[in-house]
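One structure below.
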Amino acid sequence: MTDNSAPLPIAVIGAGPIGLAAAAHLVERGISVKVYEAGATVGANLRDWGHVPVFTPWEHNIDQAAQAILERQGWRMPDPNGLPTGDELCDLYLAPLACTAELAPVIETGARVLAITRQGLDKMTSRQRETKPFEILVERADGSRRRDLARAVIDASGTWNQPNPIGASGLPADGEAEHADRLAYGMPDVLGRDRSHYAGRRTLVVGAGYSAANVLLDLIRLAAEAPGTRVDWMVRGTSLAKVYGGGDADQLPARGALGWHLKEAVEQSRIALTSGFAAARLRDGGGGLLLDGETAQGPRSLGPFDRIVVATGQRPDLTMTRELRLELDPWLEGVKALGPLIDPNLHSCGSVPPHGHREVGHPEPGFYTVGVKSYGRAPTFLLLTGYEQVRSVAAALAGDMTAADDVKLTLPETGICDSNPYEQTILAAACCVPAPAATAACCAPAPVAVKPEKKSCCGSGVAA
């Protein structure tokens with residue numbers, strides 16, 4: 001039975017690193033919160049690329065409020081200079097965090113938010129709008145639906161599940177849906193669980209960002225182990241300066257090294273590169289997939305390929321917020337205030353000025369877009385950015401405007417600052433932590449973070 005006298009909670013959508021950080025800041029301020037996670041575990045999206053090391057060290061991947069909660073349970077950060085994989089971020093950080101007494105009761109997994117509106121009002125109605133609570137339509141994994149109320153909403157749902165298509169126009173290429181069984185989006189584990197799809201075969205990787213770079217480097221490692229493995233790379237642009245990076249000038253050495261190794265592999269012909277190619281059509285060539293497109297010299301076909309990895313970035317899902325009054329950048333689809341600061345058509349440095357609740361808010365009072373979704377289609381989001389966003393938002397929701405407006409953010413430079421367009425995305429982290437006796441069903445306490453076997457991240461899995 002719901003206690004109608006209790007204040008409505010703040011709803012947080014998404015239980016990845018930014019969503020859980022938002023919950024941690026709210027809990028630390030004594031504010032009621034409810035976290036909705038569509039996946040079966042917290043940080044579920046990170047498991048898709050769990051094999052990939054991030055290029056930001058542990059000290060840049062941990063939120064301060066989350067760390068405070070964890071350390072009260074005896075948790076200690078792994079080597080601050082170490083570079084965790086997505087799985088390690090889940091196993092050693094997010095899983096334990098989700099199992100703490102503070103957060104375990106407020107997380108619901110298997111709960112997909114389908115739509116958000118104002119109770120009793122549609123998007124057009126202005127009268128007394130700010131006095132009405134948010135109404136959230138939630139679908140459980142079993143298909144059942146319910147409506148919850150919240151006094152504010154923090155959307156940290158990310159963009160991972162909305163990959164951009166292979167088509168250069170932003171629409172799926174002709175034949176993309178029909179040949180989906182031979183396509184992979186994002187960063188498949190070509191050296192591990194997905195190895196059989198790539199070993200001894202010819203693979204094309206499409207995209208000019210860090211996701212594509214990781215897949216390409218894994219494929220050339222596979223080629224050294226599995227005879228007959230061939231690696232092709234296609235990009236839409238003609239400049240590779242962004243993905244090759246700033247080398248020694250990059251303040252994140254692992255990011256600089258990623259680009260350097262990729263450049264070396266291309267120069268040594270271990271990767272066959274095609275640049276300036278606008279994909280338009282996929283078709284079966286008998287011996288594999290053919291990709292038709294346009295170049296400056298005219299039409300051209302690539303292939304045949306056994307497999308194509310589409311690493312062309314992601315875009316935000318805007319369907320659930322259709323009844324809300326949002327102010328978005330017209331082409332990035334991130335929050336409007338950030339658009340001019342992060343537009344890859346104009347910037348490539350990987351830095352953004354400090355910003356907080358005022359920039360990630362909207363004309364809809366009490367609604368905030370945070371994390372990678374606040375960047376929309378733009379690349380180079382780092383967790384540090386999202387952590388400062390949610391710290392500021394939590395302070396504003398608590399009425400502490402001095403703290404909310406005292407935003408500070410220093411991001412490591414890429415070492416490349418020019419005005420060439422860029423395509424791809426980046427990301428950084430994710431999932432689960434030690435439980436006290438009351439939540440022992442979630443996880444066992446661990447005073448020192450040691451990588452356990454993979455397991456489900458915590459979260460109640462039921463309505464609170």
Q: With sequence neighbours left out, write down each residue that passes side-chain hydrogen bond (donor to acceptor under 3.5 Å, both in side chains) with Glu139, or none if nothing qualifies.
A: Arg145
Q. Which residues pass the side chain to side chain contact (heavy atoms under 4.5 Å, CB included) test with Arg307, sequence neighbours left out?
A. Ala184, His197, Tyr198, Thr203
Q: Sequence neighbours left out, what passes side-chain hydrogen bond (donor to acceptor under 3.5 Å, both in side chains) with Thr402? Give chain and number order.
A: none
Q | Inter- and intrachain pairs under salt bridge (Lys or Arg N to Asp or Glu O under 4.0 Å), touching residues 123-134, at least two apart | A | Arg129-Glu364
Q: State whether a side-chain donor-acceptor pair under 3.5 Å links Asp317 with Thr319.
A: yes
Q. Excluding sequence neighbours, so at least two apart, what forms side-chain hydrogen bond (donor to acceptor under 3.5 Å, both in side chains) with Tyr368?
A. none
Q.
Is the shortest side-chain heavy-atom distance between Met320 and Leu114 below 4.5 Å?
A. no
Q) Rounded to the nearest 0.5 Å, how far apart are CG of Leu216 and NE2 of His261? A) 14.0 Å
Q: Decide yes or no on side chain to side chain donor-acceptor pair (under 3.5 Å) for Tyr36 and Asp148, but give the supporting numbers first.
A: CA-CA 11 Å; Tyr36 299 89; Asp148 291 352; 2.7 Å; yes
Q | 4.5 Å side-chain heavy-atom contact, Val113 and Leu137 | A | no
Q) Should the ring pair Phe55 and Tyr210 be called parallel, tilted or perpendicular, given that the plane angle runs from 0 to 90° and is split at 30 and 60? A) perpendicular
(Q) Please tell me whether Thr117 and Arg147 have a donor and an acceptor in their side chains that are separated by less than 3.5 angstrom. (A) no
(Q) A quick test of your reading: do over 12 heavy atoms of other residues, nucleotides or ligands sit less than 6.0 Å from CZ of Arg72? (A) yes
Q: Can you establish whether the number of heavy atoms outside Glu71 located under 6.0 Å from its atom CD is more than 12?
A: yes
Q. Looking at CG of Leu92 and CH2 of Trp58, how far apart are the two atoms once the value is rounded to the nearest 0.5 Å?
A. 4.5 Å
Q: With sequence neighbours left out, write down each residue that passes side chain to side chain contact (heavy atoms under 4.5 Å, CB included) with Glu37, or none if nothing qualifies.
A: Ala15, Ala44, Thr109
Q: Return yes if a side-chain donor-acceptor contact under 3.5 Å exists between Trp49 and Asp87, otherwise no.
A: no
(Q) What verdict does the side chain to side chain donor-acceptor pair (under 3.5 Å) test give for Asp142 and Ser144, after you've listed the backbone C-alpha separation in whole Å, the side-chain angles of each residue and the deciding distance to 0.1 Å? (A) CA-CA 6 Å; Asp142 62 7; Ser144 61; 2.6 Å; yes
Q) When rounded to the nearest 0.5 angstrom, what distance separates NE2 in His60 from OH in Tyr387? A) 11.5 Å
Q | Those residues that, when tested against Phe367, pass ring-ring contact (aromatic ring centres under 6.0 Å, His included) (two or more places apart) | A | His362
Q: Can you sort out the partners of Ser374 under side-chain hydrogen bond (donor to acceptor under 3.5 Å, both in side chains), two or more places apart, ordered by chain and number?
A: Gln389
(Q) Between Asp91 and Arg47, does any NZ, NE, NH1 or NH2 come within less than 4.0 Å of an OD or OE carboxylate oxygen? (A) yes
(Q) Less than 4.0 angstrom from a charged side-chain N to a carboxylate O is my criterion; do Lys336 and Glu359 meet it? (A) no
Q: Kindly compute the distance separating CG (Leu219) from CH2 (Trp233), expressed to the nearest 0.5 Å.
A: 12.5 Å
Q. Do Asp155 and Thr369 have side-chain N/O donor and acceptor atoms under 3.5 Å apart?
A. no
Could you pull out all donor-acceptor pairs under 3.5 Å where a side-chain atom in residues 391-398 meets a protein atom, sequence neighbours excluded?
residue : atom : partner : partner atom : Å
Arg391  : NE   : Glu388  : OE1          : 3.1
Arg391  : NE   : Glu388  : OE2          : 3.3
Arg391  : NH1  : Ala403  : O            : 3.0
Arg391  : NH2  : Glu388  : OE2          : 3.0
Arg391  : NH2  : Ala403  : O            : 3.1
Arg391  : NH2  : Asp406  : O            : 3.1
Ser392  : OG   : His357  : N            : 2.9
Ser392  : OG   : Ala404  : O            : 2.7

**Q.** Test item: Glu176 side-chain N/O and Ala173 main-chain N/O as donor-acceptor pair under 3.5 Å
**A.** yes
Q: Kindly confirm or rule out a cation-pi arrangement of Arg151 over Phe134, judged by NZ or CZ under 6.0 Å from the six-membered ring centre and within 45° of its axis?
A: no
Q: Would you confirm whether Arg118, through its side chain, and Glu323, through its main-chain N or O, come within 3.5 Å as a donor-acceptor pair?
A: no
Q.
Once side chain to side chain contact (heavy atoms under 4.5 Å, CB included) is applied, do any residues pair with Pro316, and if so which ones, sequence neighbours excluded?
A. Thr159, Leu318, Glu333, Lys373, Arg377
Q. Would you say Thr85's side chain and Glu88's backbone share a donor-acceptor pair under 3.5 angstrom?
A. yes
Q.
Main chain of Pro165, side chain of Thr312: is a donor-acceptor contact present, judged purely on distance under 3.5 Å?
A. yes
Q. CG/Leu8 to CD/Gln119 distance, rounded to the nearest 0.5 angstrom?
A. 8.5 Å
Q: For Arg29, enumerate each residue passing the salt bridge (charged side-chain N to carboxylate O under 4.0 Å, His left out) test, keeping only those at least two apart in sequence or located in another chain.
A: Asp400
Q: Supply the atom-to-atom distance Asp329 CG to Tyr375 OH, rounded to the nearest 0.5 angstrom.
A: 13.0 Å
Q: Only counting residues at least two apart or in another chain, list the ones meeting side chain to side chain contact (heavy atoms under 4.5 Å, CB included) with Asn214.
A: Val52, Met187, Leu258
